Colleague: 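Okay, handing you the structure first.
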2 protein chains.
Amino acid sequence: MNIGAAARRSGVPAKTIRYYESVGLIAPAERSATGYRVYGDRDVETLRFVQRARGLGFSVEDVGSLLALWQDRRRSSAEVKALARRRMADIDRKIEELGEMRATLGHLMERCHGDRRPDCPILSGLAGNPEQGR
Amino acid sequence: MNIGAAARRSGVPAKTIRYYESVGLIAPAERSATGYRVYGDRDVETLRFVQRARGLGFSVEDVGSLLALWQDRRRSSAEVKALARRRMADIDRKIEELGEMRATLGHLMERCHGDRRPDCPILSGLAGNPEQGR
DNA sequence: TAAAAGCTTCCAGCGACTGGAAGGTCAAGC
DNA sequence: GCTTGACCTTCCAGTCGCTGGAAGCTTTTA
């Protein structure tokens with residue numbers, strides 16, 4: 001199958017497949033006599049694996065590690081779990097950051113009329129006047 | 001004051017101040033006879049405003065709009081609030097995405113022993129075998 | 001046979017910086 | 001007066017993960 005078919009079956013765009021190959025995340029595909037990349041079912045599975053791992057927010061580099069572990073029969077699950085734990089910590093940190101932004105923005109928005117008047121606690125707050133608009 | 005002092009007082013790195021100038025977020029600073037950028041207290045306030053808005057996750061482009069609104073006496077608070085609402089929606093969407101990742105990753109991790117055995121539901125899950133490891 | 005679809009490589013751009021090189025300027029100490 | 005070191009300047013390149021587009025093959029379809 002050509003790259004387009006592999007893209008359709010895996011959900012990874014053809015451009016992205018080429019990109020993954022170029023950065024060494026996946027092995028270079030075999031080529032037809034005329035230079036077209038040729039893929040098999042296993043390649044599609046690999047691409048799906050990559051897609052799911054990326055969907056969980058693992059970096060391309062970490063997906064590389066996960067792929068290597070996946071293909072290694074002698075791996076220990078501890079290594080995989082360690083990677084997952086780090087990713088989980090990242091997620092939690094980001095959720096917390098966003099939560100703080102949400103809270104701050106929410107406080108500012110609450111006091112803003114949102115009408116034609118120029119008075120605006122959001123801008124005052126950004127300008128560093130925390131009590132303005134009460 | 002030179003760029004270094006402005007950076008210290010505003011919390012925005014000198015490199016970043018130059019970058020903000022280069023992309024038109026802030027007005028070009030005046031220059032000394034020898035070409036050094038010169039800043040006043042008002043510039044520092046502007047930089048702090050930018051810093052706070054960026055801290056809430058507004059894009060540089062949106063910070064530009066907020067700055068313009070801040071400096072416009074005739075602005076309506078409605079415009080500001082609309083920008084804030086969009087940002088809030090972004091935040092909520094991201095929190096939700098991260099929450100879903102968290103849940104999925106959590107399910108996979110729960111079943112993973114994390115020891116020397118190669119058996120690993122995290123990898124099976126990424127490979128698309130949802131019931132593996134139960 | 002010709003057009004359309006699909007493939008190839010290569011280069012550029014996104015956002016928001018950040019690092020580094022090469023070189024000019026300024027203040028302090030000797 | 002000179003040196004040293006901190007500070008400033010510009011410009012280019014790199015980060016991350018793609019994505020768009022140009023120019024030019026190949027394959028399929030009508």
Side-chain angles (χ1 to χ4, degrees), chain A residues 1-26 28-40 43-44 47 49-67 86-87 90-91 94 97-98 101, chain B residues 1-26 28-40 43-44 46-47 49-67 86-87 90-91 93-94 97-98 101:
Chain A
M1 112 190 67
N2 287 340
I3 198 168
R8 275 189 300 279
R9 289 210 214 166
S10 66
V12 181
K15 272 244 152 181
T16 305
I17 297 176
R18 285 190 206 103
Y19 168 73
Y20 286 159
E21 188 187 299
S22 81
V23 297
L25 176 61
I26 55 176
E30 294 189 29
R31 300 294 184 123
S32 73
T34 53
Y36 281 22
R37 285 176 183 82
V38 177
Y39 298 89
D43 300 311
V44 172
L47 286 168
F49 181 101
V50 169
Q51 186 81 331
R52 288 200 189 87
R54 291 284 304 131
L56 291 180
F58 285 99
S59 69
V60 167
E61 193 182 341
D62 279 355
V63 175
S65 306
L66 288 170
L67 265 184
R86 280 200 285 279
R87 178 61 196 140
D90 277 3
I91 291 173
K94 278 190 182 146
E97 273 175 31
L98 287 167
M101 288 183 196
Chain B
M1 123 190 56
N2 287 341
I3 199 169
R8 275 190 299 278
R9 290 211 214 164
S10 66
V12 182
K15 271 244 151 179
T16 305
I17 297 176
R18 284 189 208 105
Y19 168 74
Y20 286 159
E21 187 187 301
S22 81
V23 297
L25 176 61
I26 55 177
E30 294 189 28
R31 300 293 184 124
S32 72
T34 51
Y36 281 23
R37 284 175 183 83
V38 177
Y39 297 89
D43 300 310
V44 172
T46 301
L47 287 168
F49 181 102
V50 169
Q51 186 80 331
R52 289 201 189 87
R54 291 285 304 129
L56 291 181
F58 284 100
S59 69
V60 167
E61 194 183 341
D62 279 355
V63 175
S65 306
L66 289 170
L67 264 183
R86 280 200 286 279
R87 177 62 195 139
D90 276 4
I91 290 173
R93 197 164 29 71
K94 279 192 182 145
E97 273 175 32
L98 286 166
M101 287 183 196

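Just so it is clear, the model here is predicted, and its values are computed rather than measured.
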Colleague: Check this one for me: any side-chain N or O of A/Arg31 less than 4.0 Å away from OP1 or OP2 of D/dC25?
Modeller: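 Answer no for this pair, as no side-chain N or O of A/Arg31 is under 4.0 Å from OP1 or OP2.
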Colleague: Any side-chain heavy atom of A/Lys94 within less than 4.5 Å of one from B/Lys94?
Modeller: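 Answer no - side chains too far apart.
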Colleague: Any heavy-atom pair between the side chains of B/Arg18 and B/Ile3 that's under 4.5 Å?
Modeller: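 Yes. Closest side-chain heavy atoms under 4.5 Å.
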Colleague: Are A/Ile17 and A/Tyr39 side-chain neighbours, meaning at least one heavy-atom pair lies under 4.5 Å?
Modeller: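 SC-SC contact between A/Ile17 and A/Tyr39 confirmed.
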Colleague: Specify the separation, in whole Å, of atom NZ of B/Lys94 and atom P of C/dG15.
Modeller: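 That distance rounds to 13 Å.
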Colleague: Between B/Arg37 and D/dT10, does any side-chain N or O lie under 4.0 Å from OP1 or OP2?
Modeller: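 For D/dT10, OP1 or OP2 has a side-chain N or O of B/Arg37 closer than 4.0 Å.
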Colleague: Are the side chains of A/Val63 and A/Arg54 in contact, using a 4.5 Å heavy-atom criterion?
Modeller: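 They are in side-chain contact.
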Colleague: If I take atom NZ in residue B/Lys15 and atom P in nucleotide C/dC17, what distance separates them, rounded to the nearest angstrom?
Modeller: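 Those two atoms, NZ and P, are 13 Å apart.
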Colleague: Just compare D/dT9, C/dT8, D/dC11 and give me whichever is closest to any side-chain atom of A/Arg18.
Modeller: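 For A/Arg18, the side-chain atoms sit closest to C/dT8.
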Colleague: Are the side chains of A/Arg31 and A/Val38 in contact, using a 4.5 Å heavy-atom criterion?
Modeller: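 No; the side chains remain at least 4.5 Å from each other.
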Colleague: Whole angstroms only, please: what is the CD1-P distance between B/Ile17 and D/dC7?
Modeller: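 After rounding, the reported distance stands at 14 Å.
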Colleague: Would you kindly give the CD-to-P distance between A/Glu30 and C/dT8, to the nearest whole Å?
Modeller: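 Distance check: A/Glu30 CD to C/dT8 P gives 14 Å.
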Colleague: Do B/Val44 and B/Met1 have side chains that get closer than 4.5 Å, going by heavy atoms?
Modeller: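 Of all side-chain heavy-atom pairs linking B/Met1 with B/Val44, at least one is under 4.5 Å.
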Colleague: Check the pair A/Leu25, A/Tyr19 against side chain to side chain contact (heavy atoms under 4.5 Å, CB included), reporting the backbone distance first and the verdict last.
Modeller: CA-CA 9 Å; A/Leu25 176 61; A/Tyr19 168 73; over 6 Å; no
Colleague: Measure the distance from CD1 on A/Ile3 to P on C/dC7 and round it to the nearest whole Å.
Modeller: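 Between P of C/dC7 and CD1 of A/Ile3: 7 Å.
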Colleague: Do A/Val50 and A/Val12 come within less than 4.5 Å of each other through their side chains, counting heavy atoms only?
Modeller: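 SC-SC contact between A/Val50 and A/Val12 ruled out.
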Colleague: Check the interface with nucleotides 15-18 of chain D: list each N/O to N/O pair with the protein under 3.5 Å, or write none.
Modeller:
unit_1, atom_1, unit_2, atom_2, d
D/dG17, OP1, A/Val60, N, 3.4
D/dG17, O3', A/Arg54, NH2, 3.3
D/dC18, OP2, A/Tyr20, OH, 2.7
D/dC18, OP2, A/Arg54, NE, 2.8
D/dC18, OP2, A/Arg54, NH2, 3.4

Colleague: Under 4.5 Å between any side-chain heavy atoms of A/Tyr20 and A/Val60, yes or no?
Modeller: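 A side-chain contact under 4.5 Å exists here.
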Colleague: Polar atoms only, N or O, under 3.5 Å: list the protein pairs with nucleotides 26-30 of chain D and their distances.
Modeller:
unit_1, atom_1, unit_2, atom_2, d
D/dT26, O4', A/Tyr36, OH, 3.3
D/dT27, OP1, A/Thr34, OG1, 2.8

